[in-house]
Amino acid sequence: MRKLKNSELNRLSVEAFKNKQKTPLIIVLDNIRSLNNIGSVFRTSDAFLIEKIYLCGITATPPHKDIHKTALGSTDTVDWEYYKNTLDLIEKLKTEQVKICSIEQAENATMLNDFTVERDTKYAMIFGNEVKGVSQDVVNTSDTVIEIPQFGTKHSLNISVSCGVVVWDVFSKLQNR
């Protein structure tokens, strides 16, 4: 087996990416403090043609050298917008018939592997602060809470890892519906 060269990966140009049909999935970063996590989420979002990222609260916005370090240019491909208040954003998204999903450990949460995507539905996945998680007010206004099953001692994943796991799972389910 031969490892592929970068020139063999058939990467999209920025223009081609912008014109490509997007996955009906929105990422919401609720008060993320790590610029490296933000950049990593941009990169994951580029990989799976995510429609848009909303950066909320204390979440930093591009351009920033520490975001760029991990985003590797994906801040130029993935559409993004800043909202000061996550609850205001949720209210807006609900008027657009977007299903709001907080990624959090909560009572009666749906385990990710049991989460079923609905046909003709756009989803917003909300990822919370590295220490406090998704705020309780945001959880309260969500249509559902999704939990990533974990079996070790920590029961905690880095936000960028959580995003990668959730985006891959939902992307796969959307492709197979």
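- Two residues are said to be in side-chain contact when any heavy atoms from C-beta on lie closer than 4.5 Å; Cys56 and Asn85 fail this criterion.
- Formation of a donor-acceptor pair under 3.5 Å by the Thr59 side chain with backbone atoms of Ile32 is found in this model.
- Remark: Thr95 engages no residue in a side chain to side chain contact (heavy atoms under 4.5 Å, CB included) (not counting sequence neighbours).
- Shown here are the side-chain hydrogen bond (donor to acceptor under 3.5 Å, both in side chains) partners of Gln21, two or more places apart in sequence or in another chain: there are none.
- A search for side chain to side chain contact (heavy atoms under 4.5 Å, CB included) contacts involving Asn176 returns nothing, not counting sequence neighbours.
- Atom CG of residue Leu12 and atom NZ of residue Lys20 lie 6.0 Å apart, to the nearest 0.5 angstrom.
- Chaining together hydrophobic side chains whose heavy atoms lie under 4.5 Å apart leaves Ile58 on its own.
- Connectivity analysis of hydrophobic side chains (ILVMFWY, heavy atoms under 4.5 Å, direct or indirect) links Phe151 to nothing; its cluster partners are none.
- The side-chain contact (heavy atoms from CB on, under 4.5 Å) test with Cys101 singles out one residue from Ile146, Leu25, Asp143, and that residue is Ile146.
- In terms of heavy atoms, Ser13 sits closest to Ala16 at OG-N, 3.0 Å.
- In this structure, Ser160 and Val41 approach most closely via the heavy-atom pair CA-CG2, 4.3 Å.
- For the pair Ser74 and Asp46, the tightest heavy-atom approach, listed with the atom from each and the gap, is CB-CB, 3.7 Å.
- Under the ring-ring contact (aromatic ring centres under 6.0 Å, His included) criterion, Tyr123 pairs with Phe115, sequence neighbours left out.
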Salt bridge (charged side-chain N to carboxylate O under 4.0 Å, His left out) between Lys92 and Asp88: does it pass, once the steps are laid out? CA-CA 6 Å; Lys92 171 193 172 292; Asp88 291 342; over 6 Å; no

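- Pairs engaging residues 157-177 under the ring-ring contact (aromatic ring centres under 6.0 Å, His included) rule: Phe48-Trp168, Phe48-Phe171 [sequence neighbours left out].
- For the residue pair Asn31 and Asn129, the shortest heavy atom distance occurs at O-ND2, 2.8 Å.
- Under the 4.5 Å side-chain criterion, counting only non-hydrogen atoms from C-beta, Asp30 is not in contact with Phe127.
- Other cluster members for Val145: Ile26, Val28, Tyr54, Tyr83, Leu87, Leu89, Ile90, Leu93, Val98, Ile100, Ile126, Val134, Val138, Val139, joined by side-chain heavy-atom distances under 4.5 Å among Ile, Leu, Val, Met, Phe, Trp and Tyr.
- Taking Asp114 as the reference, Thr110, Met111 meet the side chain to side chain contact (heavy atoms under 4.5 Å, CB included) condition, with sequence neighbours excluded.
- Applying the side chain to side chain contact (heavy atoms under 4.5 Å, CB included) criterion to Thr70, with sequence neighbours excluded, gives Asn36.
- Heavy atoms of other residues, nucleotides or ligands lying less than 6.0 angstrom from CD of Glu15 number 12 at most.
- Partners of Gln136 by side-chain hydrogen bond (donor to acceptor under 3.5 Å, both in side chains), not counting sequence neighbours, listed by chain and number: Asn140.
- Screening residues 155-166 for salt bridge (charged side-chain N to carboxylate O under 4.0 Å, His left out), with sequence neighbours left out, gives no hits.
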